[in-house]
A.B. asks: 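My questions will all concern the structure given below.
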2 protein chains.
Amino acid sequence: MPTSPPTLADVAERAGVSRQTVSNAVNNPGLLREDTLVRVQDAIAELGYLPNRAARNLRTRASHLIGLRINPVQEGTANALMDRFVHSLVETSGAVGYHVMLFAGDGENPLAGYDGLLRSTTVDAFVVTDTYLGNPQTAWLAGRRAPFVAFGRPWDDPSAAHPWVDVDGAAGAEMATVHLIDKGHQRIAWIGWRKDSFIGEDRRSGWTRAMHAHGLSTTALACRVEDTVSSGGEASAKLLDEAAPTAFVCASDTLAMGVLHTLYLRGLAPGRDIAVIGFDDSQVAQVVHPGLSSVRQPLEELAVEVVRALEGLLGHPPHVGPGVLLAPTLELRASG
Amino acid sequence: MPTSPPTLADVAERAGVSRQTVSNAVNNPGLLREDTLVRVQDAIAELGYLPNRAARNLRTRASHLIGLRINPVQEGTANALMDRFVHSLVETSGAVGYHVMLFAGDGENPLAGYDGLLRSTTVDAFVVTDTYLGNPQTAWLAGRRAPFVAFGRPWDDPSAAHPWVDVDGAAGAEMATVHLIDKGHQRIAWIGWRKDSFIGEDRRSGWTRAMHAHGLSTTALACRVEDTVSSGGEASAKLLDEAAPTAFVCASDTLAMGVLHTLYLRGLAPGRDIAVIGFDDSQVAQVVHPGLSSVRQPLEELAVEVVRALEGLLGHPPHVGPGVLLAPTLELRASG
DNA sequence: GGCTAGTCTTGGATCGTTCAAGTGGTGCCG
DNA sequence: CGGCACCACTTGAACGATCCAAGACTAGCC
């Protein structure tokens, strides 16, 4: 820019008041008399004044920046939750004066990035998203008394006192299963993740719950595999041979794509011959033929709740509310 | 955090030197004698000192933050370039001391966000990504002398002097077409976007170039439609009926998914009966059965070039290099 | 001894904002 | 009329780093 932006002093001079009065006009308009407030606001508008972030940050010891660590894209899977979540997070946090700053995950030492940003007071708080397995980050951050909100429950430590927001995966799987039962299916298979995945077990429990609630057996109808398309394909082939299910509920769209593949190879029509429901409502589910039904996470609302929790956390005095659990929805397409 | 982080003065006291010396140790290590440098660095390590960002930003009039505007996810399409690009951008810019800050796009007035961030000196520069159609942002930013790097050529103003990085879409389409020709195809159809899309026309020109270079006619083999799956499906059905192509090259994976759908409905096998190649190498292309060949943009290298341009732009003195055009690669799968 | 170069210290100003204390003016009350 | 409270605004001092200029001390060299 040609000239440096106007400062408080410039506005003050123009409006014929002191710097502090301008500051108050911006931060505590209620303190000013009506006519001076208008005068100052006019001067601000004329000069196009906006407070200098760095100066404000220095003085208030806050950056109004939220740190979010992002992980490498997993190629070859259908996972793309973050896109929707991040966008919504940026929008809602922007509305209350915060910006989202990204930093890269260092694979081996997940804490390094967090530590530096804290010590340099670059961010006010974090949003921690990858809490799928045990989560050293959350424990470490909590120990440092660093403000953060987790997307994901503290599975391995129910006594954890940090704010969190999560999606009720069990309810999602249950919803999908009940939907299939209502359509007349009785032998509904489950393809999920390895047993050490809390999220996977949670989703699985929804399937179990729905089956048992309707007096249906789950014996031999479940398996746990890696989260890849081919694993989903192999698992569904095996299940079809050994347990003759008429429907599949999967822990992810990636697995569900594997099931669709198997059906295709066997000349079975998804939805008509065998029903399939995935999880996450990825772009893949939306675009693939003939359309993959999927459990959709309410990531937009989730971001809203995250920001709400952040506001509490960074408020004066800080306030930590209880964890928030949101219900997913079921997006029905031709496959189920 | 319990106590406030250490400051320059704390380190100085501990190391038994002056503040200035500590500052030099951090910013101009060459000025110090070997042994004192070590002593200061030890003190820094022991206290876990990191310069306060806000203070440094205020003094140096730089935030070391790069602004990136993100747009809402387009549901129902296969477009997900940003994920890979953003991750790579965060990594490479982090390596040279910059962080990426996101802000939301206000649909109607794309400039509002940029303006505020500039005036409040929140960011040092922008990365502008959505330059597909005429780009008011770049013109406006250039007019304000705001530093920015564009992902995308200045199509409508070749004389524009701002740094940019782009992928050679024509080369990508040409590569795909030549590949199909090499495999024996002669009637290769093109399904692209509306004529007012510069990127679409660029990619299309690659197809035309390859066809003509091999003495093949393009007559009646091309059409331009909206970027949706159904448009791709309808376009391919019409082309199959009227022009009997044996292969399709598409301007996007979204369109290619529509082609796959048509082939499926007609009992034609992708790759064996009719070849299909998409564009962008989206997750959908990677996951769908039987695998969609696609032109892959080198987003990782692209981010590296963007950061290189940013470094030049923000250096002393600023330096603007010529635009950089990167070649895409061809990811072959069963469909072609 | 005087000169120079290298290394570090010292004190101060500066960036632009907010905080804490202070100033003057007015109204109310005993 | 002195005193107190209150309003509306002003004043000086922080926040923590960087930048600049001037000075001090040592060592090496002629």
Side-chain angles (χ1 to χ4, degrees), chain A residues 1 3-41 43-44 47-65 97 118-122 124 316, chain B residues 1 3-41 43-44 47-65 97 116-122 124 316:
Chain A
M1 291 203 297
T3 66
S4 61
T7 72
L8 263 187
D10 297 331
V11 178
E13 193 184 3
R14 176 146 193 146
V17 296
S18 70
R19 297 184 318 248
Q20 182 61 36
T21 301
V22 179
S23 175
N24 285 335
V26 175
N27 301 309
N28 291 73
L31 292 180
L32 300 204
R33 215 174 39 209
E34 184 65 22
D35 58 335
T36 46
L37 178 59
V38 171
R39 199 149 41 93
V40 173
Q41 284 173 336
I44 288 177
L47 293 177
Y49 167 79
L50 273 182
N52 179 305
R53 275 297 250 270
R56 170 176 276 184
N57 293 349
L58 175 59
R59 188 57 230 213
T60 61
R61 301 167 159 287
S63 67
H64 287 266
L65 239 42
L118 271 181
R119 291 216 312 271
S120 58
T121 62
T122 301
D124 290 348
H316 300 285
Chain B
M1 291 204 294
T3 66
S4 61
T7 72
L8 208 61
D10 298 331
V11 178
E13 193 183 2
R14 173 143 195 148
V17 297
S18 67
R19 299 188 313 251
Q20 181 67 49
T21 303
V22 179
S23 177
N24 285 335
V26 175
N27 300 310
N28 290 72
L31 292 180
L32 298 204
R33 214 173 41 207
E34 184 65 21
D35 59 334
T36 46
L37 178 59
V38 170
R39 199 149 41 92
V40 174
Q41 284 173 338
I44 288 177
L47 293 178
Y49 168 78
L50 274 180
N52 181 306
R53 275 295 252 269
R56 171 177 275 185
N57 292 350
L58 176 58
R59 189 63 178 99
T60 61
R61 299 168 160 286
S63 66
H64 288 266
L65 240 42
L117 295 173
L118 271 181
R119 291 216 312 271
S120 59
T121 62
T122 301
D124 290 348
H316 300 287

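Below, chains carry the letters A, B, ... as their sequence lines are ordered, and counting in each starts from 1.
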A.B. asks: Hydrogens and angles aside, do N57(A) and S63(A) bring a side-chain donor and acceptor to less than 3.5 Å of each other?
C.D. replies: no
A.B. asks: How would nucleotides 13-19 of chain D be written as a contact map, 5' to 3', with B for base contact, S for sugar-phosphate-only contact and - for no contact, using protein heavy atoms under 4.0 Å?
C.D. replies: BBBBBBB
A.B. asks: Can you tell me the distance, in whole Å, between the CZ atom of R33(A) and the C1' atom of dC9(D)?
C.D. replies: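 After rounding, the gap between these two atoms is 9 Å.
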A.B. asks: Using a heavy-atom cut-off of under 4.0 Å over every strand shown, decide if G30(A) touches base, sugar-phosphate, or nothing.
C.D. replies: nothing
A.B. asks: Figure out the CG/C1' separation between N24(A) and dA8(D), and round it to whole Å.
C.D. replies: 10 Å
A.B. asks: Taking any atom closer than 4.0 angstrom to a non-hydrogen atom of chain B, what span of DNA chain C does the protein reach, first nucleotide to last?
C.D. replies: dT7(C) to dG16(C)
A.B. asks: Determine: side-chain N/O of T21(A) to OP1/OP2 of dA8(D), distance under 4.0 Å, yes or no.
C.D. replies: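 Indeed not, no polar side-chain atom of T21(A) lies that close.
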A.B. asks: Looking at G48(A), is its backbone amide N or carbonyl O close enough to the side chain of R119(B) to form a donor-acceptor pair, meaning the two atoms are under 3.5 Å apart?
C.D. replies: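 Yes.
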A.B. asks: Of all residues at least two apart in sequence or in a different chain, which pass the salt bridge (charged side-chain N to carboxylate O under 4.0 Å, His left out) check with R14(B)?
C.D. replies: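 Salt bridge (charged side-chain N to carboxylate O under 4.0 Å, His left out) check on R14(B) returns E46(B).
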A.B. asks: Name all residues meeting the salt bridge (charged side-chain N to carboxylate O under 4.0 Å, His left out) criterion together with R61(A); count only those two or more places apart in sequence or in a different chain, and write none if there are none.
C.D. replies: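 With neighbours one apart ignored, the set is empty.
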A.B. asks: With R39(B), which residues qualify under salt bridge (charged side-chain N to carboxylate O under 4.0 Å, His left out), at least two apart?
C.D. replies: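 Once residues adjacent in sequence are excluded, R39(B) has no partner under the salt bridge (charged side-chain N to carboxylate O under 4.0 Å, His left out) criterion.
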A.B. asks: Do R56(A) and N27(A) meet the criterion of a side-chain donor-acceptor pair at a distance under 3.5 Å?
C.D. replies: yes
A.B. asks: Quick one: list whatever passes salt bridge (charged side-chain N to carboxylate O under 4.0 Å, His left out) with R59(B), sequence neighbours left out.
C.D. replies: none
A.B. asks: Minimum heavy-atom separation for S120(B) to L117(B), with atom names?
C.D. replies: OG-O, 3.5 Å
